[in-house]
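When a residue number appears, it is its place in the shown sequence, counting from 1.
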Amino acid sequence: MIVVAVTVAALLAVAVGLTLVRIIRGPSILDRAVATDVLLAVVVAAIATEAAYSRDATALPVLVVLAILGFVSSVSVARFAARRNDK
């Protein structure tokens with residue numbers, strides 16, 4: 001079980017690193033917004049992995065709030081980009 005936990009942690013760390021590179025070097029605002037949404041998804045996956053590993057369900061409300069926040073922010077950015085392209 002320790003090997004799986006270390007492997008998952010390493011993969012999540014690589015995902016965070018690559019996402020941060022896209023946030024910093026993103027050629028447009030929409031690329032940065034998508035990368036920020038991916039970063040939030042990776043954080044949710046990390047919290048869910050830790051909750052599954054420790055068999056503790058107290059992190060579930062945090063996961064729900066973060067998922068709703070990610071959805072609302074993605075929709076907001078998409079609406080902003082659509083209005084910006086219309087003008």
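Taking Ile, Leu, Val, Met, Phe, Trp and Tyr as members and joining any whose side-chain heavy atoms lie under 4.5 Å apart, directly or through other members, the hydrophobic cluster of V72 also contains V64, I68, F71, V75. Through chains of ILVMFWY side-chain contacts below 4.5 Å, I2 is grouped with M1, V6, Y53.
Both L40 and V62 belong to a single network of hydrophobic side chains, linked directly or stepwise wherever heavy atoms of I, L, V, M, F, W or Y lie under 4.5 Å apart. In this structure, V8 is a member of the same hydrophobic cluster as V42, with clusters built from ILVMFWY side-chain heavy atoms closer than 4.5 Å. Following chains of ILVMFWY side-chain contacts shorter than 4.5 Å, one cannot reach F80 starting from I29, and the two form parts of different hydrophobic clusters. Note on I23 and L12: same hydrophobic cluster, where clusters join Ile, Leu, Val, Met, Phe, Trp and Tyr whose side-chain heavy atoms are under 4.5 Å apart, directly or indirectly. V38 and V16 fall within a single hydrophobic cluster, where Ile, Leu, Val, Met, Phe, Trp and Tyr side chains are chained together by heavy-atom contacts under 4.5 Å.
Under the side chain to side chain donor-acceptor pair (under 3.5 Å) criterion, S28 pairs with D31, sequence neighbours left out.
Under the side chain to side chain donor-acceptor pair (under 3.5 Å) criterion, the residue pairs touching residues 56-74 are D37-S74, D56-T58, with sequence neighbours excluded. Applying the side chain to side chain donor-acceptor pair (under 3.5 Å) definition to pairs two or more places apart or across chains, none involves residues 6-26. Listed by first then second residue, pairs satisfying side chain to side chain donor-acceptor pair (under 3.5 Å) with a partner in residues 38-49 number zero, not counting sequence neighbours.
Between atom CG of residue L39 and atom CG of residue L20 there is a gap of 5.5 Å, rounded to the nearest 0.5 Å.
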